[in-house]
Protein chains: 2
Amino acid sequence: MSVVPIKKAPEPTIRRLPDYYHYLKWMQSNGREVVSCTHIARDLDLDPTQVRKDLAVTGIRGKPKVGYLVTPLIESIENFLGWNNLTDAFLVGAGSLGTALLGYQGFKQYGLNIVAAFDKDKRKIGKKIHGKEVLPLDKLPGLAERMHILIGVISVPAESAQAAADVMVEGGIRAIWNFAPVSLDLPEDMVVQNENLASSLAVLSRQLAEAVK
Amino acid sequence: MSVVPIKKAPEPTIRRLPDYYHYLKWMQSNGREVVSCTHIARDLDLDPTQVRKDLAVTGIRGKPKVGYLVTPLIESIENFLGWNNLTDAFLVGAGSLGTALLGYQGFKQYGLNIVAAFDKDKRKIGKKIHGKEVLPLDKLPGLAERMHILIGVISVPAESAQAAADVMVEGGIRAIWNFAPVSLDLPEDMVVQNENLASSLAVLSRQLAEAVK
DNA sequence: TAGATTGTTAATCGATTAACAATC
DNA sequence: TAGATTGTTAATCGATTAACAATC
C-alpha cells in the first residue's frame, strides 16, 4: 500500500544505458559539466524524448533550460547498473574464448570481477591464465557456496554448457552469462543472458544480403 | 507494380532463427522427419503462433495436421540466412579476443569464414594464429578490394575501433561486426552489428539485483 | 470422419515518437 | 523576460499473442 514499487525498466533502455555511460565519461574527460538530452540524442543518433525517459529510470532529474549535470548523471547510471561495486564471478571453460574473457580488463569497469576459472580438462587445471587459477570443475559448487559467488560465465562448447550450468546452480549461483550457442534448461528463478553470436551473425548476414541486393 | 516486394523480416524473428536451426539439426540427428510448431514451441519455450510466423518468413509451408518436414525446413532457414555458402571476412585486432574469434570453428557453420587477420602491432605481424596470417593493417584496403571482401570483424580496443572501421570502408567492406564497446561513425549504407558485452552485462546485473532484492 | 495443426486476421501489449505545458 | 530544455501525457508503431476458419 505504502511502498512505491520500483518501476521495472524496459530492457531496451537498460541496454542503452552503457552507451550513455561511455559517452558521458568521454564528455567528463573533456571537462564538460552539463549536457542536454538534445545534445546527447544528436551525438548518439537517438530520439531526445527517448534519452530523457531512459535517463529518468536511473532516478536522475535534469534542470529545465540547463540539462543534466554530467558527474551526478554518471553516478546515477553507475549506481543503477550496480557498476559502482565489483561482483565476483566464476568462469567455466578455459578454452580460447574463456582465455579471452579472462584477459579482458574492461569487465571490472562494468562491475564484474572474474576471480577463477574452471575446466574439466586435466591439462588445463593448475595453470594460471591472466593471473587467474584454473581449477577442476567439480570444485566449483563448494567454492561458489563458500565465496558467495552469484554470477557464472559459461564459455564451454555447446555440448558441455548444460552440465556447466547444472554445476553452477548446485553451487548457488544465481545469474549466468552464457556464451555457448544453446539455450539452457534452468530453474525459474535463475537469471540468464545468452550472448548469442549466431543471432548477431544472422542479422548481419540478412542485412548485408538486403544491402547488396 | 508487378514485383512482389520481399517482406522484410522483423529483427527479433531473425535473431530466433538460429535457435530453431540448432533445434532442428538436433531433431534431424535424432532421426526425426516431421515436427510441429506446437512441439517446437514447447521445447523452445515460445508461443506456437510466433513459431509459425517466424518460420513463414523463410518461405517454408507446413502441412496442416502434419507439421513441417525437418530437412526442407533446415534448408529453408539456411538459405534465408545465407548459411549455405561461406562468405569470406577480414578481422582487425589480433589480441586475445581476436585470437579467440580466429580459433572459433563454429563460424563456418554460420556461413562466415575469417580468412585473415590485421593488426598495427609489428610484433604480431607475420605470425600465424590458428592457421591465419596476421598482416599489417595498411594492407587491408587493397586486399579487401582485390578479394571482394564484404564483411569485417573488429576486435580492437575502443580507441582504435573507429580507425579500423575507416580502413574497412576504404577497402569496400559493406558489413561490420563490431566487438569494440563504441558506436562507430559510418556511411549510411554500411551494415553494422554491435556485439555489445556492456549491454548484456547491464541487463544481467539489473536482473540479478531484482532477483536477490 | 474427427481432430490436430496450419495460416491468417484481429486484439493486445509495450516501446518509440510526438505534442505540449511547466520551468529555470 | 524570452527561449531552450525538461517531464509527462497522448499518438503511433511494431511485435506478440489470441481467435478461428481452412485443411489434410
Side-chain angles (χ1 to χ4, degrees), chain A residues 4-17 19-20 23-24 27 32-70 72-73 76-77 80 196 199 202-203 206-207 210, chain B residues 4-17 19-20 23-24 27 32-70 72-73 76-77 80 196 199 202-203 206-207 210:
Chain A
V4 180
I6 294 161
K7 209 196 281 170
K8 205 175 150 280
E11 187 171 317
T13 291
I14 299 176
R15 297 196 75 88
R16 279 188 296 269
L17 286 174
D19 295 337
Y20 297 125
Y23 172 80
L24 291 164
M27 279 302 193
R32 189 79 185 244
E33 286 177 12
V34 176
V35 68
S36 76
C37 282
T38 332
H39 200 132
I40 300 176
R42 191 164 355 101
D43 287 349
L44 260 44
D45 202 24
L46 297 168
D47 183 277
T49 304
Q50 185 166 69
V51 175
R52 271 198 287 284
K53 286 205 168 164
D54 284 347
L55 299 181
V57 305
T58 70
I60 199 87
R61 305 279 310 187
K63 289 200 185 113
K65 153 112 180 160
V66 180
Y68 297 80
L69 294 172
V70 173
L73 183 47
S76 180
I77 296 174
F80 182 81
N196 203 332
S199 289
V203 175
R206 276 306 298 178
Q207 288 177 342
E210 276 177 23
Chain B
V4 181
I6 296 160
K7 208 196 282 170
K8 204 174 151 281
E11 188 171 316
T13 292
I14 299 176
R15 297 196 75 89
R16 279 188 295 269
L17 286 174
D19 295 337
Y20 297 125
Y23 172 82
L24 292 164
M27 280 302 193
R32 190 78 186 247
E33 287 179 10
V34 176
V35 68
S36 77
C37 282
T38 331
H39 200 132
I40 300 176
R42 190 164 356 101
D43 287 350
L44 260 44
D45 201 23
L46 296 169
D47 183 278
T49 305
Q50 185 167 68
V51 175
R52 273 199 287 284
K53 286 203 169 166
D54 284 347
L55 299 180
V57 305
T58 71
I60 199 87
R61 304 279 311 185
K63 288 201 186 110
K65 153 115 179 153
V66 180
Y68 297 82
L69 295 172
V70 173
L73 183 46
S76 181
I77 296 175
F80 182 81
N196 204 333
S199 289
V203 175
R206 277 306 298 176
Q207 288 177 342
E210 276 177 22

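Residue numbers begin at 1 in each chain, while the letters A, B, ... track the order of the sequences.
- The residue B:S36 sits close only to the backbone: its heavy atoms come under 4.0 Å of sugar-phosphate atoms, none of a base.
- Projected onto DNA chain C by closest heavy-atom contact, B:A56 and A:D54 fall at different nucleotides, the more 5' of which corresponds to B:A56.
- Here D:dA18 presents its P atom at 11 Å from CD of B:Q50, a figure rounded to the nearest Å.
- Between the P atom of C:dT5 and the NZ atom of B:K65 lies a distance of 8 Å, rounded to the nearest Å.
- If you take OG on A:S36 and NZ on A:K63, they are separated by 14.5 Å, rounding to the nearest 0.5 Å.
- Here D:dC20 sits opposite C:dG7 as a Watson-Crick or G-U wobble pair (both hydrogen-bonding atom distances under 3.5 Å).
- The CZ atom of B:R32 sits 10.5 Å away from the CG atom of B:L24 when rounded to the nearest 0.5 Å.
- Residue A:L46 contributes atom CG, which lies 16 Å from atom P of C:dA15 at whole-angstrom precision.
- Taking atom NZ on A:K8 and atom C1' on C:dC13, their separation rounds to 13 Å, with Å as the unit.
- Dashed line: the shortest gap from a side-chain N or O of A:R52 to OP1 or OP2 of D:dT6 is under 4.0 Å.
- If you take CG of A:L55 and C1' of D:dT8, they are 15 Å apart, rounded to a whole angstrom.
- Note that the CD1 atom of A:I77 and the CD1 atom of A:I60 stand 8.0 Å from one another [nearest 0.5 Å].
- Across the protein-nucleic acid pair, B:D47 atom CG and D:dT16 atom C1' stand 7 Å apart, rounded to whole Å.
- Side-chain proximity of A:P64 to the nucleotides C:dG7, D:dT6, C:dA15 is greatest for D:dT6.
- Between D:dA15 and B:R16, no contact under 4.0 Å exists linking OP1 or OP2 to a side-chain N or O.
- As rounded to whole Å, 17 Å separates atom C1' of D:dT16 from atom CZ of B:R15.
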Practice task
Before giving the answer on side-chain contact (heavy atoms from CB on, under 4.5 Å), spell out for B:V203 and A:E11 the whole-Å C-alpha distance, their side-chain angles and the decisive distance to 0.1 Å.
Solution key: CA-CA 7 Å; B:V203 175; A:E11 187 171 317; 3.9 Å; yes
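- Nucleotide D:dA18 holds its P atom 12 Å from the NZ atom of B:K53, rounded to whole Å.
- In terms of position on DNA chain C, the residue among B:K63 and A:V66 whose nearest nucleotide sits closer to the 5' end is B:K63.
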Handout entry: Pair B:M27-B:D43, side-chain contact (heavy atoms from CB on, under 4.5 Å): steps then yes or no
Key = CA-CA 11 Å; B:M27 280 302 193; B:D43 287 350; 4.0 Å; yes
